[in-house]
Every structure is written in structure tokens, then in C-alpha cells.
Amino acid sequence: MEPDKLCRRCQKLDLSPLFSQAPSHGEVVPLVFVGQYVSRACALCRLFEIYCAGDGMGSGTLISASWRYASNYGWKEPDDGFDFRILGILPEVSSYSRDEAAFHRALFRLRGYIGEPVTSPPSWTDGTIGPRSLDPRAINYPLLRAWLNYCNQKHCRKTDCQPLKVDNQWHFRLIDCKTRLVVEAASLGTRCPPFLALSYVWGKAIQPRQLDYTQPLQNLPLTIEDSLTVTDKLGFRYLWVDQYCIRQHDEGDKHSQIRLMAEIYGSAQATIVAAAGSDPTYGLPGVSKTRRSAQPHVKLRSGYLTWSYGSTKDDISSSAWSTRGWTYQEGVLSSRRLVFTDKQVYFQCGLSSFSEALNIPFDRVGSASNDDMFPRFRTAPYSLEIGDRIYEYTHRKLGNEDDILNAFQGILGQFSNHKPPIHNIWGIPVLCSPKNWIRSPKGFLAGLCWSLGEPPDGEPPARRHGFPSWSWAGWKGVAILHPHNDAVRPDSLVENDIYVAFESLDRTRTEWSELGPSLQTGARSDQSQLRVLALDCHAFLFENQVFDVIGLKMMGIKNTGIDIGDLSSDIDRVVVSADPPGLIYSLDKAMRWTDHEFRQQLLVGIPIKLQTTWEEMPRFFVLVMQQKADSDLYERVGHFEWSDPRKLFDFETFSRSVATRRMVLRIV
């Protein structure tokens, strides 16, 4: 086969050392500047252009480096002298970080590298590390099976990897890939056979229809058809797909199956993640009709060069799958994932990760990877993570806003099984002490101190009706918990003497000490009796002079005997933040309201003092409530937050300045 055509510049490059000489560890050799203008007829220029295109680099310096120097993936590196040369393009930047080696490694981790492709060895346990040439028309099923077998054999005692054992009390269904019938899992024997699950984007193409469960499934969307093929090729017979295994027109069945999401995805041998396309008609690239992107490669006189691709995080995070609310918990709760993208298949279990385009012999696999897409969370979630999970989840979109808690139910259930358990009330985490947690609602009060960030789509935060305004679930926006519940000091909230109770919309009252089964779930229908939050607390009315105390526009704090000047000029002074403006109305407008307008739009502030175990100085939160028109009910409309590193402003001083008084507020 003749070499590819090269331009004059690339013909002058001496790339023969890539195929013959062993590099020195730590050696980075600049070869040539790669400009923005390339020859379209030159195969090597096109390869360089594609390599740079992912980050819009446009140009940079082509460098040669040692693989050992550039790699930082958690792989084992036996002292056998093994090493090889790789190519990368160093972007034009004004300066490097202090650690130049770390900069180089981050570049190769993000963009991958160009090198000589390796041939697949007879055994996946040996061979060399290097880029692997992919067939855009076919999946390497033996490789995928090898990944699953490796995890089964090497991680057999690791709870983060092993699927959960199916309980016969779980009532769910599976698709039989041979008969195409939807069958009850309990009918398959005393021990449920191993199965795979599918996570995909419904899109607008799916209109749930009434199924005849006595007949084989027909006319399935391509993604479902391809998933059945993958299941069979990997040696399994059964597949779980929500659209067919949940009776979509039976509300009782839907509710019970939603409660089983953690168990279903957790007990699957692996989850097929369809991270390509925006609906189930797209298919899984490489399985049947949908081809994968052609992997860039060049044939030189001295050998082949191909691109190992870069971090799979970019491909997955930019997919439609990563924007949907329901798919978030499906990925997080799975024990193993096989992610199908337009380029390649990616695998991640609880301890390792692999990708098709990079050959990693199993004898060189370490116990960690820097390219993980999914948090290592499933079996023993660390209690601090609940704020992270809520933050990540609220970046996503829902087709039906009523599903805000349903689509997160599996993750909430995992935290409820934590020891000590973290239950929730309408999504607000409640840390339960292993002793007698019901004596104090401090963990819940800390959970009320969340704020809203701007949604990723640029839309302003807005109310999600049907959910309490005091919960993050009641708002469309990115929820940020301040702080994580279990990090609150035991004495952090006692100064405000807040008493907590709940009411249903018909005024049936539940005291904090009476809470029981309601905390075992976050499902909307199960917590309707906790819809109204009743707080007996110290609060204050917002008046024009109060904004002088608060320093809403960073103008300083007045009427306190403390003159700290312009807050915006000194980050060591009191820092004031608030929810994004325009939440329901701009709170700035209140500075121009008359006293009559204040009475018309009654605003109440509830100050709360917070202190985490890792922060020396406390923070002050003020929850801002607005009275509903012609009602004694209030809604949460925002918050203010202070941190005071120089101890210039204490909680008691603030409370006196705004003239707090005892109030009972019913908040919906």
C-alpha cells in the first residue's frame, strides 16, 4: 500500500525515531510549528488539524515525548524499560503553569496522542500500550467481553464493582432477547439470571404506547434493536429497557418501578449508555446501521500513525444524554457502564476505566484512573457527596418538570441506606444521627440554606410549581447546598431557636418529633403531608433601612457601630452574596420602594448562623420570604449570605441591627 501524500513541510519531518528509537524519560522534543494554514491534500496536516480542533487551538508546536513521561492515568509501570515515543501539539499559551510536566500530562490526557497503532494481542493480559485502530463499521465485542471479565475476576471482592444481588421481592420485568417477550424477572427462577440495562434519551420520537405483553416486541427504535444485539453478543439473554419493562399507562406500576431504579441499575451486570444521538432512532454507532466517525490515521513510509483520541469526558459531557435529568442517576447508580459514542466505546466500573482507541494490557492496569466520567459512589456514598450529586443533577433538563424528584429518587434512596442514613424532605437532605436525631432539626435547617446558580442554558432561575419554594426542587436552576449537612457543627444553629413543624395543605400538622416513615422517601406523593413548612423563629421585616444594614450593593454595613468601608475593595472584609437577580423580582428594587409598597409586598428575613467543621469562621444566611397576596402563607424568594473572616460582624450584632422578633411563618 502506497504512503499517503504529504505536503513539503511534512515531508521534511523526520518521524522515523517514532518507530525505532527508545526515548529518554522526561524528554520533550519540539519538532515544528504547526500553523493554522494547512494543506488539505496532506494527510498529516489533516491529522494535526483534527487533533487541534477539539479545543479550538488552531496552531501550536508539534512535540515528541516519552510515553512514560506523558502518561498519568493510574496505570502500573513495571520497571521493564518499556517505553515509546508519542506526538502531541502544544498550544500557543503565554505561560505554563509552575509545573511544566503537569501541563504536558494534562494536555495528553485531554487531547490524547498520536502514535504507532498496536496490534491486538492474543491475550488481553499482555502486549503493549498504544493507540488501537478502530473499524468504524464494527464493535470489538471480544474486547468488551474482556473488560467485563477483567472486572469480574479482579474486582470480585470490591463492592463498588459487583452488581447487587436481585431480591425476589423486587417486581420488575426484562426483555428476553431470544423470544423478544417482556417477562417477569421472578418467573425466570429462584435466582434472577444476569442481565444488562439500557440508559438512553427518549427524545421527542418516543410516544409510549399500550403494549400487548403476550406478543413479541416488534418495530423497535434502532437504539433498542442495537442494544438487544449488544446484549446477545456479550453473552447475555436479558435486557432492561424502561419504555418496555415499565407499564407506561399504569401509574401504580410506574411509581413502584421508579422506587426500584437504584436496585435495577445496581443489579445489572452492566449498563449500556447510548451517548450518541438525541433520540432512540439514532442507534448505537458501530453496531448496525449507524457508522462511527472514521479514526484519523496516516500511512508513512516508515509506518502508520493514528490518534488515540483524547479524554472521553468531552464526548460524553457534550452529548444529549448528559443533558437529561433521568439519565443522571442511571449512570451514577450502575455498577459498570459501556458507553457508546460516535467515536468509540468507553468502559468504567468502580475501580478501572478503558476505551476502545487505547490498548492497555491488563497487567498494566492500576487501581485508579484520571479519566473517570462517573463518580465512584454506588454502594457506599460518602455523606458529603449529597450536595455534589444535587448540584450535578440540577444542571440537567427534564421533559416533565413534575419528575424533578422522581428522576433523582434512586440516588436519594442510596443516601437513605447510608449509615447513618441521610433521609430527605422534598429533596432537602436530613442527616440522621445514629443516636437520637429527632431531638434537633439542625441538619434539616442547614439543608434549607441552599442557593441558586444560573442554569447552564442561560435561562434565569424560575419557579417550579407544585413543589415547595423552600426546597431546591421548587426552582428551575442549579442548586448549591451551603454547607453539606453532616459538616454542620452541633451548636451552629442554636442561637436562633428555630422550631420546625410541617402541615399539609388542609392544615394537618406534623411536629418534628412525629416524623417517621415520611423521611424514608422523597417521592412527591408520599410527602404531601409535609407540603407547608412551619417555622417558629426570630425573623425581621425588610424595610428601606434594613438594606443599609445588609449592604445589598456592597456599600458597607451601617447602623452597627462598625465602619468597614467599601466591601468591594477588600476581599478580607465581609462578603455579601445573594441569589441571581430577577428571581421573582429584583430585590434591588426594594431599595427604592416606599413604606407603603413595603407593606404591600411584605418581605421577611430569617437569619441562620452556619459553621462547618472545616471553617473557623461562621457564615450568616438570611432566607428571604415574601408573603403571598391575600394569604397568611409565605414563599421563599431568595437569600443573602455573609462570611466574615476578620470577625467584624457577629450574629448578635446583626440581629440587633435588623430588630429581629419572634414570628411564626407558614411557607409553601
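Cys449 SG to His639 NE2: the interatomic distance, rounded to the nearest 0.5 Å, is 8.5 Å. Atoms CD and CD1, from Gln329 and Ile258 in turn, are 9.0 Å apart once rounded to the nearest 0.5 Å. To the nearest 0.5 Å, the span separating CE on Met663 from CE on Met625 amounts to 11.0 Å. The CG atom of Asp497 sits 5.5 Å away from the CZ atom of Arg662 when rounded to the nearest 0.5 Å. Rounding to the nearest 0.5 angstrom, the gap separating the CD atom in Gln527 from the CD1 atom in Ile428 is 10.5 Å. Taking CZ of Phe444 as the start and CG of Leu515 as the end, the distance is 9.0 Å to the nearest 0.5 Å.
Counting heavy atoms from C-beta on, the side chains of Met261 and Gln409 never come closer than 4.5 Å. Within the 4.5 Å cutoff, the side chain of Trp426 has heavy atoms near those of the Trp470 side chain. Contact annotation: the side chain of Glu503 never approaches that of Gln529 to less than 4.5 Å [non-hydrogen atoms, C-beta and beyond]. Residues Val430 and Asn424 have side chains not in contact (no heavy-atom distance under 4.5 Å, counting atoms from C-beta outward). For the pair Ile224 and Pro221, the minimum side-chain heavy-atom distance is below 4.5 Å. With contacts defined as side-chain heavy-atom distances shorter than 4.5 Å, the pair Thr510/Leu530 qualifies. Two residues are said to be in side-chain contact when any heavy atoms from C-beta on lie closer than 4.5 Å; Leu338 and Val273 fail this criterion. Within the 4.5 Å cutoff, no side-chain heavy atoms of Trp170 are placed close to those of Ser256.
Side-chain contact annotation: Ser471 with Arg636, donor-acceptor N/O pair under 3.5 Å absent. Side-chain contact of Ser199 with Trp321: a donor-acceptor pair under 3.5 Å is present, judged by distance alone.
Minimum interatomic distance between Thr281 and Thr223 (heavy atoms only, all atoms of both residues): N-OG1, 4.4 Å. Nearest heavy-atom pair, Ser322 versus Met373, reported as atom, atom and distance to 0.1 Å: OG-CE, 4.3 Å. The shortest heavy-atom contact between Leu541 and Arg661 is CD1-NH2, 3.5 Å. Listed here is the closest heavy atom pair of Ala268 and Leu196: CB-C, 4.2 Å. Closest non-hydrogen pair, Pro607 versus His538, comes out as CD-O, 3.4 Å. Nearest heavy-atom pair, Val532 versus Arg666, reported as atom, atom and distance to 0.1 Å: CG1-CB, 4.0 Å.
A salt bridge links Arg173 with Asp253: at least one charged nitrogen is closer than 4.0 Å to a carboxylate oxygen. The pair Asp403-Lys254 does not meet the salt-bridge criterion, since no charged nitrogen lies less than 4.0 angstrom from a carboxylate oxygen.
When atom types are taken as modelled, the side chain of Glu392 and the backbone of Tyr328 share no donor-acceptor pair closer than 3.5 angstrom. Counting only distance, with no hydrogens or angles, the side chain of Trp472 and the backbone of Trp450 share no donor-acceptor pair below 3.5 Å. Of the possible donor and acceptor atoms, one in the side chain of Ser318 sits under 3.5 Å from a partner among the backbone N and O of Asp314. At distances below 3.5 Å, at least one donor-acceptor pair connects side-chain atoms of Arg337 with backbone N or O atoms of Ser334. Checked by atom type and distance alone, the side chain of Arg464 never pairs as donor or acceptor with a backbone atom of Gly474 at under 3.5 Å. At distances below 3.5 Å, at least one donor-acceptor pair connects side-chain atoms of Arg396 with backbone N or O atoms of Arg324. Checked by atom type and distance alone, the side chain of Ser469 pairs as donor or acceptor with a backbone atom of Val668 at under 3.5 Å. Although no hydrogens or angles enter the test, the distance criterion places no donor-acceptor pair under 3.5 Å between the side chain of Arg336 and the main chain of Thr271. In this structure a side-chain-to-backbone donor-acceptor pair under 3.5 Å is present from Gln248 to Asp242. The backbone N or O of His171 sits less than 3.5 Å from a side-chain atom of Gln257, completing a donor-acceptor pair.
Using cut-offs of 30° and 60° on the angle between ring planes, the pair Tyr265 and Trp240 is perpendicular. By the 30° and 60° cut-offs, the orientation of the rings of Trp202 relative to Tyr200 is parallel.
By the ring pair (Phe, Tyr, Trp, His ring centres under 6.0 Å) test, Tyr634 is found to be paired with no residue, residues two or more places apart in sequence or in another chain being considered. In this view, Tyr499 satisfies the ring pair (Phe, Tyr, Trp, His ring centres under 6.0 Å) rule with no residue, not counting sequence neighbours.
Relative to the six-membered ring of Tyr213, Arg247 meets both conditions, a distance below 6.0 Å and an angle of at most 45° to the axis.
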Give the intermediate values and the outcome of side-chain contact (heavy atoms from CB on, under 4.5 Å) for residues Tyr393 and Ile411. CA-CA 10 Å; Tyr393 169 64; Ile411 290 179; over 6 Å; no

Hey, mind stepping through Glu514 and Arg509 against salt bridge (charged side-chain N to carboxylate O under 4.0 Å, His left out) and telling me if it holds? CA-CA 10 Å; Glu514 297 173 338; Arg509 187 175 176 89; over 6 Å; no

Stepwise side-chain contact (heavy atoms from CB on, under 4.5 Å) check, Ile390 with Leu481: CA-CA 8 Å; Ile390 292 173; Leu481 269 63; 4.1 Å; yes

Do Ile606 and Leu535 pass the side-chain contact (heavy atoms from CB on, under 4.5 Å) test, and can you show the C-alpha distance, the side-chain angles, and the key distance before you say yes or no? CA-CA 10 Å; Ile606 304 174; Leu535 296 182; 3.9 Å; yes

Can you list the steps and then say if Leu633 with Gln627 is a side-chain contact (heavy atoms from CB on, under 4.5 Å)? CA-CA 6 Å; Leu633 298 173; Gln627 188 172 17; over 6 Å; no

